[in-house]
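First the structure, in the form of structure tokens, and then the observations on it.
These figures come from a predicted structure and were not determined experimentally.
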Amino acid sequence: MISACILAITPRILKNMTRTAMACIVAFALLAACTSDPEIKPQATHASPAEFEWERMTPQEAGFDPKRLQRVIDETREHRSACLVVVKDGKLIVEKYWRGETPETSRPVFSVTKSVASTLVGLAQDDGDLTIDDRASKYIPQWRDGPSETVTIRNILANDSGRQWDPDLDYRRLFLIENRSEFAIGLGQMAEPGKVWAYNNAAIQSLDRILHDATGKRPYEMARDRIFQPLGMKHTRITNDAAAQSSDVAGGMVSTCLDMARFGMLFEQRGNWQGQQIVPEAWVEEATGAPSQKLNAAYGYLWWLNRVGDIREPIDPGSSLPPVVQPEKQMAPGAPEDMYAAVGFGGQVVLVDPGSRTIVVRLGEPNAEGRLSTYEFADAARVVTYALK
């Protein structure tokens, strides 16, 4: 077993990944964007609110310093971004597109998908279909009577499940398999639940099987019917494999900046959308209000947090050195502690600052002009920490 530590992918790890691994990630995203989504009518019990149209407000009216905000916009563009949207108090403040993008251009958002998958779990719990303290083996028979039997849904959401992880498995082999859920479920257990924190795509992909078994709905259908359609996210979907056997809940969503701003605003409004409680307020608090475990202060339930605490630097592939503990650190130093974000590979960010009621969405090319994007949580936070008066 591995002793208590933290494992994840960061720019330092990505620099050590092979070109083949990087190509697989990008190719997977392009393939996912083309995957079919069979037309299935939404359930009538989840009615859509009236059509939502963005109201606009100038940066000055919203309390921003125009020159500082423009500097942040210029910095964002220099990161080879495709789009940037800023929303404050429910009003659209900034809407910028570059690199030939338009408001309707859907692009892969990678692990931003995980925050939507977390929301689906919250909905299923509110419906009474599951609880996050259920053992995952209740829904995954293959894990019964084995090392993974005691892994809970909470462990998977918190990324401390102890399920098998290594960079080649999680960032190359997983994406080469047609049915990623079956592959993920068939992996082994590397540590006791709660002892190791690992940003584990394969473990999170097992939520596809759990949600389907618990609710009777495939997660891509559930996301469409319960989140995307009610919010008017017309250009967003979670992809599924060619045989429609698994939804890519670990990283297979495609969306736009404006659609992702709607999702961010749903959380900023505590799960309420135009007077309808789409997501339970209690779940918004549970998923984003505090660290989900004691190994990484920066992580909730598939959301990144800005809480001050021990954040452990991930190890490099093949390194024999132990992980480095960074005590009393933040994702965005100096930014509000209750700030949180959905973050995806290549600088896809949906940031929510509840205190100022600000949402920042940046999407872009993960590997434009042969250079890996370095846009991060802290870059999006500058809209609040630097540009907002």
Using distance alone, with no hydrogens and no angle criterion, decide if [X] and [Y] have a side-chain donor and acceptor under 3.5 Å apart.
| X | Y | value |
| --- | --- | --- |
| Tyr301 | Thr288 | no |
| Tyr220 | Asp248 | no |
| Ser181 | Asp208 | yes |
| Ser148 | Arg163 | yes |
| Arg362 | Ser81 | yes |
| Ser115 | Ser118 | no |
| Tyr386 | Arg71 | yes |
| Asn272 | Gln276 | no |

Is it true that a side-chain atom of [X] and a backbone atom of [Y] form a donor plus acceptor pair closer than 3.5 Å?
| X | Y | answer |
| --- | --- | --- |
| Gln189 | Ala191 | yes |
| Gln330 | Gly334 | yes |
| Asp126 | Leu123 | no |
| Arg180 | Ile177 | yes |
| Thr239 | Gly252 | yes |
| Trp197 | Ser161 | no |
| Asp166 | Asp168 | yes |
| Ser292 | Tyr299 | yes |
| Glu337 | Asn306 | no |
| Ser247 | Val249 | no |

Any side-chain heavy-atom pair of [X] and [Y] under 4.5 Å:
| X | Y | value |
| --- | --- | --- |
| Glu101 | Arg107 | yes |
| Ile153 | Leu130 | yes |
| Thr236 | Val109 | no |
| Lys88 | Pro59 | no |
| Trp165 | Asn201 | no |
| Pro354 | Tyr340 | yes |
| Ser206 | Ile156 | yes |
| Asn296 | Gln293 | yes |

So which heavy atom on [X] is nearest to which on [Y], and how close?
| X | Y | answer |
| --- | --- | --- |
| Leu84 | Cys257 | N-SG, 3.9 Å |
| Ser246 | Gln205 | CB-NE2, 4.3 Å |
| His79 | Asp379 | NE2-OD1, 3.9 Å |
| Val151 | Pro193 | CG2-CG, 3.7 Å |
| Thr215 | Ala124 | CG2-CB, 3.8 Å |
| Leu388 | Ala62 | CD1-O, 4.0 Å |

Taking [X] first and then [Y], would you say they form a salt bridge - that is, a charged N and a carboxylate O separated by under 4.0 Å?
| X | Y | value |
| --- | --- | --- |
| Glu365 | Arg80 | no |
| Arg270 | Glu285 | yes |
| Asp225 | Lys217 | yes |
| Lys389 | Asp65 | no |
| Arg56 | Glu95 | yes |

Exercise. Just how far is it from atom CD of Glu149 to atom CH2 of Trp143, taken to the nearest 0.5 Å?
Worked result: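 CH2 of Trp143 is found 12.0 Å from CD of Glu149.
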Problem set entry | side-chain hydrogen bond (donor to acceptor under 3.5 Å, both in side chains) between Tyr199 and Ser111, worked out | CA-CA 10 Å; Tyr199 192 76; Ser111 289; 3.0 Å; yes
For this session: Verify the ring-centre separation between Phe263 and Trp303: is it less than 6.0 angstrom?
Result: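 Centroid separation for Trp303 and Phe263: below 6.0 Å.
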Exercise. Within a reach of under 6.0 Å around CZ of Arg77, are more than 12 heavy atoms found that belong to other residues, nucleotides or ligands?
Worked result: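 Not buried by this count: 12 neighbours or fewer within 6.0 Å.
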For this session: State whether the number of non-hydrogen atoms from other residues, nucleotides or ligands found under 6.0 Å of Glu55 atom CD is greater than 12.
Result: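 Open.
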Exercise. Under a 4.5 Å side-chain heavy-atom rule over Ile, Leu, Val, Met, Phe, Trp and Tyr, are Val308 and Trp304 clustered together?
Worked result: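 No.
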For this session: Report yes or no: is the cationic atom of Arg224 (NZ for Lys, CZ for Arg) closer than 6.0 Å to the six-membered ring centre of Phe228, at no more than 45° off its axis?
Result: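 Output no; distance or angle outside limits.
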